[in-house]
There are 2 protein chains.
Amino acid sequence: MCIYTNVTVTAFGALADPTRRRIVEALGAGERSVNDLVARVDIRQSGVSRHLRILHDAGFVTVRVEGQHRFYSLRPEPFLELAEWVSGYRTTWERRLDRLGRVVEGRSQARPTKREEPR
Amino acid sequence: MCIYTNVTVTAFGALADPTRRRIVEALGAGERSVNDLVARVDIRQSGVSRHLRILHDAGFVTVRVEGQHRFYSLRPEPFLELAEWVSGYRTTWERRLDRLGRVVEGRSQARPTKREEPR
DNA sequence: AGTGTATATACACATAAACGTATATTATAG
DNA sequence: CTATAATATACGTTTATGTGTATATACACT
């Protein structure tokens, strides 16, 4: 039914924490080991492992085990879902988008979608 | 430098709560009064007012005061910012996107994204 | 075997978040 | 002016979340 209460449920929660966003940001450049991530975030290793667990449960990361190392990397699905969710409000955020002069999506410009029915 | 720690900070937190997402969903169809929203969400009016305050602080909604009524409606900016944030991971989520056969952005063709189910 | 390294998990704790009840505020009706 | 409706806020309580320390597990090397 509605995409809002389905997958995105955990996605927003997972990204609500700034440390987790920093981890995701670090993983944006490619896969990283846990200690590698610890070096970039100012919490202890245990905290990073916990955050990685949360991100993993939310579908944001996969692990590639190599010996005693674990390399985490981003999974595309949650980002796709987020993009879908936001695009559901496209008419909303395109209202003012025109005067900002450009479109995020890399397309040229937006159509003047005018829809507003105050119930 | 990174867009992640700027505005999106509060945005994800605001959307982390399912009730707030339901409110946002309801506002997607247009502006609504507080009591109107209370009818759609199964918490009390005080809770809805609190959520609206949080959404307002996060920039998601504006108020139009009309007599004793307050009509809340969505602001486009946070959605734009979210779209920007996600598009920063475009290379990530486009990796697997092809085999899903469609693009969220509507560039390709029909997307079975059907929503608009206020409940 | 034993030692060291990489990561996860258990536990305790502190803080934050969400909720309901009750109350305050403001506007409107009578 | 009083009563009522619409909304916001204060307060107390419960539950969730993030953190560190300490410990466990798994591998690697000697």
Side-chain angles (χ1 to χ4, degrees), chain A residues 4-5 8-27 30-75 78 118-119, chain B residues 4-5 8-27 30-75 78:
Chain A
Y4 313 106
T5 46
T8 326
V9 170
T10 88
F12 286 119
L15 295 174
D17 182 77
T19 306
R20 276 193 300 267
R21 280 197 305 275
R22 292 205 56 182
I23 291 176
V24 169
E25 178 185 351
L27 292 177
E31 68 171 15
R32 300 213 182 277
S33 71
V34 179
N35 270 341
D36 198 345
L37 293 170
V38 172
R40 292 160 198 270
V41 174
D42 61 345
I43 63 171
R44 310 274 166 169
Q45 173 264 318
S46 65
V48 173
S49 282
R50 272 191 305 262
H51 283 308
L52 286 171
R53 185 148 141 79
I54 293 172
L55 287 172
H56 182 266
D57 290 350
F60 275 92
V61 297
T62 0
V63 207
R64 180 175 66 86
V65 180
E66 186 184 306
Q68 57 191 339
H69 297 263
R70 275 156 140 86
F71 293 98
Y72 283 85
S73 53
L74 293 181
R75 290 181 67 244
R119 164 63 199 111
Chain B
Y4 313 108
T5 46
T8 326
V9 170
T10 88
F12 286 119
L15 295 174
D17 183 78
T19 305
R20 279 196 295 268
R21 280 196 305 276
R22 292 205 55 183
I23 291 176
V24 168
E25 177 185 351
L27 292 177
E31 68 171 14
R32 299 212 182 277
S33 72
V34 180
N35 271 340
D36 198 346
L37 293 169
V38 171
R40 292 160 198 270
V41 174
D42 60 346
I43 62 171
R44 309 274 168 169
Q45 173 264 319
S46 65
V48 173
S49 281
R50 272 191 306 263
H51 283 308
L52 285 170
R53 184 148 142 80
I54 293 172
L55 287 172
H56 181 267
D57 290 350
F60 274 92
V61 298
T62 1
V63 208
R64 180 176 67 87
V65 180
E66 185 183 309
Q68 57 192 337
H69 297 261
R70 276 156 140 87
F71 294 98
Y72 284 85
S73 53
L74 294 180
R75 289 181 67 244

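The sequence lines fix the lettering, A, B, ..., with proteins before strands; numbering per chain opens at 1. Note that the coordinates shown come from a computational prediction; the quantities given were computed from them, not determined experimentally.
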Between R20(B) and G13(B), the two heavy atoms sitting closest are NH2-O, 3.2 Å

task = Under the side-chain contact (heavy atoms from CB on, under 4.5 Å) rule, what do S73(A) and L27(A) come out as? Steps first, then yes or no, please.
result = CA-CA 6 Å; S73(A) 53; L27(A) 292 177; 5.6 Å; no

Note: T62(B) and H56(B) closest approach over all heavy atoms is CA-CD2, 4.4 Å

Footprint ends on DNA chain D, 5' to 3', for atoms under 4.0 angstrom from a heavy atom of chain A, come out as dG18(D) to dA28(D)

Residue set satisfying side chain to side chain donor-acceptor pair (under 3.5 Å) with E31(A), at least two apart, ordered chain then number -> R64(A)

Where DNA chain C forms runs of at least three Watson-Crick or G-U pairs (i with j, i+1 with j-1, under 3.5 Å), the stems are C:1-30 with D:1-30

Here the pair of heavy atoms bringing V61(A) nearest to R75(A) is O-CD, 3.7 Å

By salt bridge (Lys or Arg N to Asp or Glu O under 4.0 Å), R32(A) pairs with (sequence neighbours left out) D36(A)

Atom CG of D57(B) and atom P of dA18(C) are separated, to the nearest Å, by 13 Å

Exactly one of D42(A), V48(A), V24(A), V41(A) clears side chain to side chain contact (heavy atoms under 4.5 Å, CB included) with T19(A), and that residue is V41(A)

Per-nt protein contacts along nucleotides 19-30 of chain C (heavy atom under 4.0 Å; B base, S backbone sugar-phosphate only, - none) come out as BBBB----BS--

Residue pairs passing the salt bridge (charged side-chain N to carboxylate O under 4.0 Å, His left out) test with at least one member in residues 50-60 of chain A, sequence neighbours excluded, are none

Shortest non-hydrogen pair, P78(B) vs A58(B), comes out as CG-O, 4.2 Å

- Message: Over all strands shown, is Y72(A) touching base, sugar-phosphate only, or nothing at heavy-atom distances under 4.0 angstrom?
- Response: sugar-phosphate

Heavy atoms of F60(A) and A14(A) approach each other most closely as CE1-CB, 3.9 Å

